[in-house]
Amino acid sequence: MTETPKGALGLKELVAMGIGGMIGGGIFSILGLAVDVAGHAAPLAFLSGSLIALAAGYSYAKLALAFRSDGASFTYLERAFPTRPEVAGIAGWTVVVGYIGTLALYAFTFGAYAGHLLGTPDHAATRVLLSLGVLLLFMAINLMGAGTMGRAEDVVVYAKVVLLAVLGVAGFFTVDSSRFVPVFDRGISGALLGGALIFVAYEGFQLITNAVLETRDPDRNVPRGIYGSILITSAIYIAIAVVAVGTLDPAAIKAADEYALAVVARPILGKAGVLLVDLAALLATSSAINATLFGSARLASEMAAERFAPAVFSFRSRTDVPVAGVTVITILAAFFAGLGSLAVIAAFSSMTFLLVSIGVCVANLRLRRTTGSAALPIVAALGLMSVTVVLLAYYLAANDPMALAFTAAVYLSTTVAHVTFERLRRGSG
């Protein structure tokens, strides 16, 4: 047994963790997707995504303080359904797989922007090698402990926020308001579908709940960290989306796809702007990888401690690092990043965290007397997210059935893996 380093993370680190997890998977990696689906209403798509995140954040904050555990959503469902352990087990495995998907998204985006910076934006082998390299780098950082992770996150996150602020402020002077007319050129449903598809851009706030045991004054800092990181990230997303749509045609943004924001920066700041965006993207995806690996490995460790995952994942080093979780999750994310496409990874990750957030809200509804939560905001969040899931499934069925089939296959495989593990565990027990 090792002693947990209590108080390693303060409000500044929690906000950095939330922003790091969100921005790394958001404006850089899926701006092109948002514009392709929502058109001129892309800023409203990011706004709708932020409202969903804030609605879900209420339950995460309440549950995190009532049930203080690195297991987060897994722990909440375990407490909400004590006689149905399979609910927590399947949900926990699904969350881990979802984190692997988002890590792959961040690594994929890092490789794309790094390749663009090096002058090889369309060279797949270069992108894969760069993606693998950044995953290995932050695996090493996370193996050093929570304090090292927190300090690295502070530096990286606040540097990229400054860089994005420069682009946003400069970009507002070049915005052509006529480019927003008509606002709903893809229909009102386009803005809603866009918000559903890019929800992965907001999932990073959930990582804060995985760090509650390493947080100073969690009653004060965890809620502030969740809401603060969502609001700051939302402001950045919406501002950059306004600049993007107001500067370039949607077709030009979509054409760049994997490094769309770099293309947006060119008419605003010239070559210097492209360099600025490439560097900011590298910082953003790096911090997202750092934060996501931190939270996901601790979730796997908590699941193993509760005997819902192989015991090796429960082992922690002298600095309280879940070594097996960090290592295995990194390897799987590297494999996914090398084989997947941006659209498939984004759709899978968004659907996964929408479903998990619905589960967390259901858990909070069942446990609201313990958490001190009001029923109305929980029910409102459930309604909003349920509609979003239906819209996303409809969009994928009509436009990318392979992505929908892949997502369903992963969920089925996850369920089978859990059932098989449980049978083996009971047989050996």
Side-chain angles (χ1 to χ4, degrees), residues 9-31 34 42-61 64 102 106 109 149-172 195 198-212 215-218 220-244 261 264 276-277 279-292 294-295 353 357 381:
L9 304 175
L11 178 60
K12 183 173 63 174
E13 287 76 24
L14 292 183
V15 171
M17 183 182 295
I19 294 174
M22 286 185 280
I23 289 183
I27 205 70
F28 293 100
S29 54
I30 57 178
L31 174 62
L44 297 180
F46 282 105
L47 175 61
S48 66
S50 69
L51 294 176
I52 298 170
L54 287 169
Y58 176 80
S59 288
Y60 276 94
T102 53
Y106 307 150
T109 305
M149 188 287 301
R151 288 189 294 273
E153 196 69 7
D154 283 350
V155 173
V156 173
V157 168
Y158 294 116
K160 77 183 177 189
V161 168
V162 170
L163 291 175
L164 285 172
V166 170
L167 177 62
V169 171
F172 270 111
I198 65 165
F199 183 69
V200 65
Y202 291 95
E203 68 82 20
F205 78 85
Q206 302 169 5
L207 297 169
I208 293 173
T209 63
N210 293 105
V212 65
T215 298
R216 295 192 300 271
D217 191 9
R220 178 185 178 88
N221 288 332
V222 167
R224 290 187 174 190
I226 289 175
Y227 298 131
S229 61
I230 293 173
L231 291 173
I232 292 172
T233 300
S234 298
I236 293 171
Y237 282 168
I238 294 168
I240 295 297
V242 168
V243 170
L261 198 55
V264 171
L276 180 149
V277 167
L279 291 175
L282 299 186
L283 291 172
T285 50
S286 294
S287 63
I289 291 169
N290 190 25
T292 303
F294 178 88
F353 285 103
S357 295

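Nothing here was measured: the structure is a model prediction, and the numbers come from that model.
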K.L.:
Which heavy atom in T102 sits nearest to a heavy atom in F353, and how many Å separate them?
P.N.:
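That would be CG2-CE1, 3.5 Å.
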K.L.:
Give me the atom names and distance for the closest heavy-atom approach of A381 to A56.
P.N.:
CB-N, 4.4 Å
K.L.:
Side-chain contact, heavy-atom cut-off 4.5 Å: I226 with T209?
P.N.:
yes
K.L.:
Do M17 and S229 touch side chain to side chain, with heavy atoms closer than 4.5 Å?
P.N.:
no
K.L.:
How close do V212 and A64 get, counting heavy atoms only, and between which atoms?
P.N.:
CG2-O, 3.9 Å
K.L.:
Quick one: ring-ring contact (aromatic ring centres under 6.0 Å, His included) partners of Y202, sequence neighbours excluded?
P.N.:
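If we apply the ring-ring contact (aromatic ring centres under 6.0 Å, His included) test to Y202, skipping adjacent residues, the hits are Y237.
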K.L.:
Going from CD1 on I52 to CG on L47, what distance comes out if it is rounded to the nearest 0.5 angstrom?
P.N.:
10.0 Å
K.L.:
First locate atom CZ of R220, then atom CG of L11, and finally report the distance between them rounded to the nearest 0.5 Å.
P.N.:
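It is 8.0 Å, given to the nearest 0.5 Å.
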K.L.:
Less than 4.5 Å apart, side chain to side chain, heavy atoms only: is that true for F46 and I240?
P.N.:
no
K.L.:
Could you list the residues that satisfy side-chain contact (heavy atoms from CB on, under 4.5 Å) with L54, not counting sequence neighbours?
P.N.:
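Result, side-chain contact (heavy atoms from CB on, under 4.5 Å) vs L54: Y227, I230, L231.
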K.L.:
How would you list, by chain and number, every residue that makes a side-chain contact (heavy atoms from CB on, under 4.5 Å) with I232, sequence neighbours excluded?
P.N.:
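With neighbours one apart ignored, the set is V15, I19, I236.
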K.L.:
To check you understand the geometry: which heavy-atom pair defines the closest contact between G168 and V243, and what is its length?
P.N.:
O-CG2, 3.8 Å
K.L.:
Taking the side chain as every heavy atom from C-beta outward, state whether T292 and E203 have any atom pair closer than 4.5 Å.
P.N.:
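Yes, their side chains come closer than 4.5 Å.
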K.L.:
Check R216 against G10 and note the closest heavy-atom contact, atom names and distance.
P.N.:
NH2-CA, 3.3 Å
K.L.:
Apply side-chain contact (heavy atoms from CB on, under 4.5 Å) to A170 and list each qualifying residue two or more places apart in sequence or on a separate chain.
P.N.:
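Scan of A170 (side-chain contact (heavy atoms from CB on, under 4.5 Å), adjacent residues dropped) gives I268, L269.
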K.L.:
By the side chain to side chain donor-acceptor pair (under 3.5 Å) test, which pairs, at least two apart or in different chains, include something from residues 45-59?
P.N.:
S59-N364
K.L.:
Which atom pair, heavy atoms only, marks the closest approach of F205 to A53?
P.N.:
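Nearest heavy atoms, F205 then A53: CZ-O, 3.8 Å.
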K.L.:
Run the side-chain contact (heavy atoms from CB on, under 4.5 Å) test against L276 and tell me which residues pass, sequence neighbours left out.
P.N.:
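Testing L276 for side-chain contact (heavy atoms from CB on, under 4.5 Å), a comparison that skips the adjacent residues, returns L163, V166, L167.
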K.L.:
Could you grab the distance from atom CG of L164 to atom CG of L261, nearest 0.5 Å is fine?
P.N.:
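Result: 7.0 Å between the selected atoms.
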